[in-house]
Amino acid sequence: MNTIHHEIEQLEQLVLNLVKKIGQIHFGELVTFTDEREKIIQLIMENQESLTKEDKNRLRKLSKFDAGILSKMDYFKLEASQWLLKRGLIQEQKSAYNASYTPESIFFDRKN
């Protein structure tokens, strides 16, 4: 078996395994997937002149899963963004309560 065919087969297995469990994966699994996928894609790109029409069709079929994978990545990105925003607000409130004030000053606390 040609090495590029082996790489395409590995890529197919990697993508299909991820897609099967896309609803239950964690951020770390997605990072591992993208790292592995990048390695395989790099090997395929290095030997792209030996791609057959069938190989190109197989790769094209795999690209239909990209939207779902990107959607999951966007979900994790939004989740992290919200966590950072919440953490920033907590830090802001904490610093307001811990600030030193002069005895004659007045402190107003408001609910968000």
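Within a 6.0 Å radius of CZ in F27, other residues, nucleotides and ligands contribute 12 heavy atoms or fewer.
Annotation: the span from R60 atom CZ to K53 atom NZ amounts to 9.0 Å, rounded to 0.5 Å. Considering CD of E12 and CD1 of I40, their distance stands at 10.5 Å, rounded to 0.5 Å. Distance check, rounded to the nearest 0.5 Å: NZ of K72 to CD1 of I25 gives 5.5 Å. Taken from CG in L16 to CG in L62, the straight-line distance is 6.5 Å, to the nearest 0.5 Å. For the atom pair NZ (K39) and CG (D35), the distance works out to 6.5 Å, reported to the nearest 0.5 Å. Taken from NE2 in H5 to CG in N47, the straight-line distance is 10.5 Å, to the nearest 0.5 Å.
Between D66 and V15 there is no side-chain heavy-atom pair separated by less than 4.5 Å. With a 4.5 Å cut-off on side-chain heavy atoms, F65 and L18 do not count as touching. Considering only heavy atoms from C-beta on, L59 comes within 4.5 Å of L11 through its side chain. Residues L51 and I8 are in side-chain contact: their nearest non-hydrogen atoms beyond the backbone lie under 4.5 Å apart.
The main-chain N or O of A67 is never found under 3.5 Å from a side-chain atom of S71 such that the two would form a donor-acceptor pair. Checking side-chain atoms of S81 against main-chain N and O of K77 turns up no donor-acceptor pair under 3.5 Å. Side chain of D55 to main chain of T52: a donor-acceptor pair is present (N/O by atom type, distance under 3.5 Å, no hydrogens or angles).
Scanning for salt bridge (charged side-chain N to carboxylate O under 4.0 Å, His left out) contacts around E29 gives K21, with sequence neighbours left out.
L70 and I41 fall within the same hydrophobic cluster, where Ile, Leu, Val, Met, Phe, Trp and Tyr residues are linked whenever their side-chain heavy atoms come under 4.5 Å apart, directly or through other members. Note on M73: it does not cluster hydrophobically with L78, by side-chain heavy-atom contacts below 4.5 Å among ILVMFWY residues. Two different hydrophobic clusters hold L85 and Y75 under the rule that ILVMFWY side chains link at heavy-atom gaps under 4.5 Å. Using a 4.5 Å cut-off between side-chain heavy atoms of Ile, Leu, Val, Met, Phe, Trp and Tyr, with links allowed through other members, L43 and I4 fall into different hydrophobic clusters.
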